[in-house]
There are 2 protein chains.
Amino acid sequence: MDATIVSARRKIELYRADAASGGLANCPVRNVLQGIFGKWSTLLVMALAERPYRFGELRRLVPDISQRMLTQTLCDLQRDGYVGREVFATTPPSVEYSLTDLGRSMYDSLQHLLMWAEGNAGRVKAAREAFDRAGA
Amino acid sequence: MDATIVSARRKIELYRADAASGGLANCPVRNVLQGIFGKWSTLLVMALAERPYRFGELRRLVPDISQRMLTQTLCDLQRDGYVGREVFATTPPSVEYSLTDLGRSMYDSLQHLLMWAEGNAGRVKAAREAFDRAGA
DNA sequence: CTGTATCCCCTATGATACTG
DNA sequence: CAGTATCATAGGGGATACAG
């Protein structure tokens, strides 16, 4: 039984840790993951890992996002401690967002998966197409 | 400009790669991530990383999941090439699910984030509570 | 420029019942 | 045992208009 397998079992337990007290919805690991994998969260964290951005800059950088979701996602990331928000009393006012140390730390771990996704997107796509062909 | 920053910029570009052709929904990296971060996907991959499981075993292991979502999530994971499905012609029939090489490879990269989440769930929780206190 | 406030819709998820 | 089919629902997400 190697380290990977042991680790997997431990994580299942953690994932299910609070199953007794209200179901998996209260699981701490799951709570963290849900904050990271919103539709826009990962993309914004990636952007802010590059450098701080202002609100409008982010909007231009990610043209698909609605203003509502940009505000909301940034607020969620700030609430989880990944993103810091600094207001400058210019006229008109400007707001700068940046990764906190916690956010940077999280991003370091997230990167492994991002790189994997980047390198294996073709394989996954091929698997999907093969599966769909077989079904049809 | 260190490797992390360069890498971040590259990923943003990849994330947005197909923005022209139908929006970020067609982004290859995003497509992969969405398959991994469904509500139950990660948990099932973690379980199957430990050892192969039969359908009923998984259901008992994850009592919160509905039968419908267990079937559907397993099917999605199979479609993406992460999970293999083997039918045994016993009576009554039994079906065994296991991670493929692709699934194992993906899980190796996912693990970094899972370990981070496990080790930092407390920090994130504290950040949320501080944020909510300030707002209230 | 940086947000809030509404309204609306659609998809992911769940509950339940039925089948090979 | 291992699914399918059907119906119902909540909430994530978008469009638009307004505000400090």
Side-chain angles (χ1 to χ4, degrees), chain A residues 19 22-27 30-31 33-44 47-48 52-80 83-98 131 135, chain B residues 19 22-27 30-31 33-44 47-48 52-80 83-98 131 135:
Chain A
L24 288 175
N26 288 342
C27 163
R30 176 182 292 247
N31 280 339
L33 292 183
Q34 291 200 331
I36 298 171
F37 284 98
K39 181 166 183 181
W40 302 104
S41 312
T42 304
L43 184 51
L44 292 177
L48 295 174
Y53 275 99
R54 300 221 343 253
F55 187 89
E57 290 178 319
L58 285 172
R59 187 145 58 133
R60 283 187 292 278
L61 184 66
V62 189
D64 292 54
I65 198 172
S66 66
Q67 195 174 33
R68 180 183 185 281
M69 288 315 295
L70 180 54
T71 301
Q72 183 176 310
T73 306
L74 286 170
C75 186
D76 291 344
L77 291 172
Q78 189 192 352
R79 178 170 181 261
D80 283 4
V83 163
R85 177 180 186 272
E86 191 174 5
V87 181
F88 296 95
T90 56
T91 48
S94 64
V95 182
E96 186 173 276
Y97 293 90
S98 56
F131 184 90
Chain B
L24 288 175
N26 289 342
C27 164
R30 175 182 293 247
N31 280 338
L33 292 182
Q34 291 201 331
I36 298 171
F37 284 98
K39 182 166 183 182
W40 302 104
S41 313
T42 303
L43 184 51
L44 292 177
L48 295 174
Y53 275 98
R54 299 222 343 253
F55 187 88
E57 290 179 319
L58 285 172
R59 188 148 55 135
R60 282 187 292 278
L61 185 64
V62 189
D64 291 54
I65 198 172
S66 65
Q67 195 175 30
R68 181 184 186 281
M69 288 315 295
L70 179 54
T71 301
Q72 183 175 312
T73 306
L74 286 170
C75 187
D76 291 343
L77 291 172
Q78 189 193 352
R79 178 169 182 260
D80 283 4
V83 163
R85 177 180 186 272
E86 191 174 5
V87 181
F88 296 95
T90 57
T91 48
S94 64
V95 181
E96 186 173 276
Y97 294 91
S98 56
F131 185 91

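Keep in mind that what you see is a predicted model, and the values were worked out from it rather than measured. Computation of the quantities below employed the complete heavy-atom set of this structure, encompassing side-chain atoms and omitting hydrogens, waters and symmetry-equivalent molecules. In what follows, chains carry the letters A, B, and so on, assigned in the order in which the sequence lines appear, proteins first and then strands, with residues in each chain numbered from 1.
Checking C:dT13, D:dG14, C:dT2 against the side-chain heavy atoms of A:R68 singles out D:dG14 as nearest. Nearest nucleotide to the A:V95 side chain, out of C:dG3, C:dG14, C:dA5: C:dG3. Among the nucleotides D:dA15, C:dG3, C:dA15, the one closest to the side chain of A:T71 is C:dG3. Closest to the B:R85 side chain, of the nucleotides C:dT6, C:dT13, D:dG3, is D:dG3. Here D:dC1 is the nucleotide among C:dT13, D:dG13, D:dC1 with the atom lying nearest to any side-chain atom of B:S94. Taking every side-chain heavy atom of A:R60 into account, C:dC1 is the closest of C:dC1, D:dC1, C:dG14. Candidate nucleotides D:dG14, C:dG14, C:dG3 were compared by shortest atom distance to the side chain of B:W40, and C:dG14 ranks first. Each of D:dA2, D:dG13, C:dG14 was ranked by its minimum atom distance to the side chain of A:M69; first place goes to D:dG13. Nearest nucleotide to the B:P92 side chain, out of C:dG14, D:dC1, D:dA2: D:dC1.
Between A:F37 and A:Q67, the residue whose closest nucleotide on DNA chain D is further toward the 5' end is A:F37.
Atom CG of residue B:L48 and atom CG of residue B:L74 lie 7.0 Å apart, to the nearest 0.5 angstrom. Residue B:L33 holds its CG atom at 8.0 Å from SG of B:C27, rounded to the nearest 0.5 Å.
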Let me see the working for B:V83 and B:D76 under side-chain contact (heavy atoms from CB on, under 4.5 Å), right down to the final yes or no. CA-CA 9 Å; B:V83 163; B:D76 291 343; over 6 Å; no
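Note on A:Y97: a side-chain N or O is less than 4.0 Å away from OP1 or OP2 of C:dG3.
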